There are 2 protein chains.
Amino acid sequence: MNKSAKTAGSSEAGQRRRATSYDVAELAGVSQSAVSRVFQQGASASKEMRDRVMAAANKLGYRPNAIARGLITQRSNMVAVVISQQTNLYYPEFLVQLTQRFSEHGIRVLLFALEHEGDIEQMLEHVLQYRVDGLVTAAMLTPHQFRTIENAGVPVVLYNRTFPDTVANSVRCDHTEGERWLIGKLHEAGHRRFAIVTGPEDSAVSTERTRGALERLEELGVREVPIVHGDYSSASGRAAFADIMDNLGHAPDAVVAANDAMAIGCIDAAREDYGLDVPGGVSIVGFDGVGPARFAAYDVTTVRQPVGRMTEAAVAMLIDRIGNPSISAEQRVFSGERIRGSSARFKEPGDG
Amino acid sequence: MNKSAKTAGSSEAGQRRRATSYDVAELAGVSQSAVSRVFQQGASASKEMRDRVMAAANKLGYRPNAIARGLITQRSNMVAVVISQQTNLYYPEFLVQLTQRFSEHGIRVLLFALEHEGDIEQMLEHVLQYRVDGLVTAAMLTPHQFRTIENAGVPVVLYNRTFPDTVANSVRCDHTEGERWLIGKLHEAGHRRFAIVTGPEDSAVSTERTRGALERLEELGVREVPIVHGDYSSASGRAAFADIMDNLGHAPDAVVAANDAMAIGCIDAAREDYGLDVPGGVSIVGFDGVGPARFAAYDVTTVRQPVGRMTEAAVAMLIDRIGNPSISAEQRVFSGERIRGSSARFKEPGDG
DNA sequence: AGCCGGTTTGAATGCGGATGCAATATTGCC
DNA sequence: GGCAATATTGCATCCGCATTCAAACCGGCT
């Protein structure tokens, strides 16, 4: 009643102090606690109270202050997501999916992006100051850093990272298995002279893939495999292929790149710079199954990470741990999807 | 000295309540205010005080609580960044750069990722509840939503988006100009029969590009240009090219795709599905200058958005507005970098 | 010794909302 | 109608830190 006198509140004044629950309470003629309860899940409030409060709240443009709420409830409803530059460049779906999935649970993502995987130290301090409820990291942290975070009461989920001697929650793709399959198939199809293009040295993922490949090669009796370093970019893959040619003096039977981007670079180099047919003259395989790997001009033979299932698992796992911090750790390992492209000669379409 | 004996405080107890400034004060034998001052920038504290407090803080593993600090200072030191799925898929550098640049100013990014550009409404509520200091959006909002946010005292910077009749801060690439250049060059080189592949209908960027292309074609007297809809993916580009062939019954002289991914799809279609040479049989141009556009197999003729300068501008602009909310709006428009790839026949290397 | 300007320090208060507890209102039931 | 059981509501307090104001302190100088 008498609404015209009070309307001034909401829309017009841009600069005025934001309305608080006290303002709403006063306008609605109730207590601040009542306002608080109306804006909560399982709180008791009569329909009439609810209506009066909501009316006042709308009139004032009131919104509960998540910061204040976080202070009193000890739950910020934010999780930190730590990625390196690489992560978002090569798996852009990762961040978006993670954010959307957390969002469905009412959880926001506070993003931390590292130039290199090693830069975590300063970042860590900020992560902890924000009292996030949890942390997902797709960048490497030291066991010491990991313990620092968990000791601060923040559950951590490692994404495609693991520790040798520390119990931690993790979600990862089985890179070793994937590389072993690729090598096995190449060998089976008659390839004998291999070359490997690795990723950045500080990349845990690259290390794991390269190790997997080398182990399998060793088992198959293939020795003296030249290893060239790249940085995950296609340009570095192209340069790496040139290095290999220089090293060997001739084309290898197969090049195993630590990711698809470099595999694409290798294919470009083979065709453009050395006039080699792919896979006729040389077979080239990658890893990841990213979008560009499926462009018709490349159609890279690779192993695809099931990013969708992995982000889903990471989110579920972190939410579980937030709800019950004392449950024991779990590791979830996903096999990659084997993609027989046309950048490598394989024996036949039958399974192996 | 005696390091083993004292380590107990911080590292071991995982579950204990986090240390507060009062805990530190008590241990150091000083007041809480003193602790607060030691952890601030321009606060006065003697060296001795500083040392005592820091010693106690380290012993307890104390870290100032950013949430509580935000409540009292009315500054959360967080900005919201709103993106659509597309944004991160096609410009993964955008988010990383933005985050890193804000980080240099002590500002964290709270990420909101939309499935589609239209889904802002619910999100908005959350953005405002978190009392972010500012907002950068690479997704479209309605003028009404924009005003809601600014009325709540949150400065907004639009990224590659604009409003017809609302004064707003924005950073964008001049898509119109870029498309006009591409069309002009194609026409100059003798292309007459054009086809256009647009992006998703809810993409403001795609609309602007298509409009720019059509305007220039109109000026050049080219009419009846078939327009096919894509969704920014390379697969949709490939399908779109087939549609064009069906429509026309023959190959156009040039296909103008609203982004590089679709241009790549078109190139695949032309070569693989129709045996056409690119650019011999058909010229294909894109937009964005993304990484894959430079793969040797495509080498797309395109206009590159200067993402680095644009994110820098967006960050600087938002920080200015946060520091001084009353300064008037500014629009920064960047020209794209013109990239003469080899996917289109252009007249000659000279400038135009 | 006494006084002054300047620097440190501490006590008290508030930011905005959640919650335990007690007071009150409502309902059900005999 | 009266009383117990239940649902609502308000009061007071607390979350952790920044900040104002006044008190304490310090060195220099007359």
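Below, chains carry the letters A, B, ... as their sequence lines are ordered, and counting in each starts from 1. Basis for what follows: all heavy atoms, side chains included, without hydrogens, waters or symmetry-related copies. All figures in this text were calculated on a predicted structure; none of them were measured in a lab.
- Salt bridge absent: B/Arg332 and B/Glu312 never bring a charged side-chain N and a carboxylate O closer than 4.0 Å.
- Distance CD (B/Glu26) to P (C/dA11): 13 Å, rounded to an integer number of Å.
- Nearest-nucleotide positions on DNA chain C for B/Arg50 and B/Gln74 put B/Arg50 closer to the 5' end.
- Relative ring orientation between A/Tyr159 and A/Phe94 is described as tilted, the plane-to-plane angle lying within the 30° to 60° band.
- In this structure, the CG atom of B/Leu71 is 17 Å from the P atom of D/dC14, given to the nearest Å.
- In this structure, the CD atom of A/Gln129 is 15 Å from the P atom of D/dG16, given to the nearest Å.
- In this structure the side chain of B/Val35 never reaches within 4.5 angstrom of the side chain of B/Val38, judged on heavy atoms.
- Here the CE atom belonging to B/Met54 is positioned 5.0 Å from the CG atom belonging to B/Asn58, to the nearest 0.5 angstrom.
- In this structure, A/Met317 and A/Val171 have side chains that are in contact, with non-hydrogen atoms separated by less than 4.5 Å.
- For B/Arg75 and D/dC17, the CZ to C1' distance is 16 Å, given to the nearest whole Å.
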Original post:
What string of B, S and - do you get for nucleotides 17-24 of chain C, 5' to 3', if B is base contact, S is sugar-phosphate-only contact and - is no contact with any protein heavy atom under 4.0 Å?
Top reply: BBBB----

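- A salt bridge links B/Arg321 and B/Glu150; the closest N-O separation between the charged side-chain nitrogens and carboxylate oxygens is under 4.0 Å.
- Distance CE (B/Met49) to C1' (D/dC26): 16 Å, rounded to an integer number of Å.
- Rounded to whole Å, atom P of C/dG14 lies 15 Å from atom CG of A/Asp23.
- Rounded to whole Å, atom C1' of D/dG16 lies 15 Å from atom OH of A/Tyr130.
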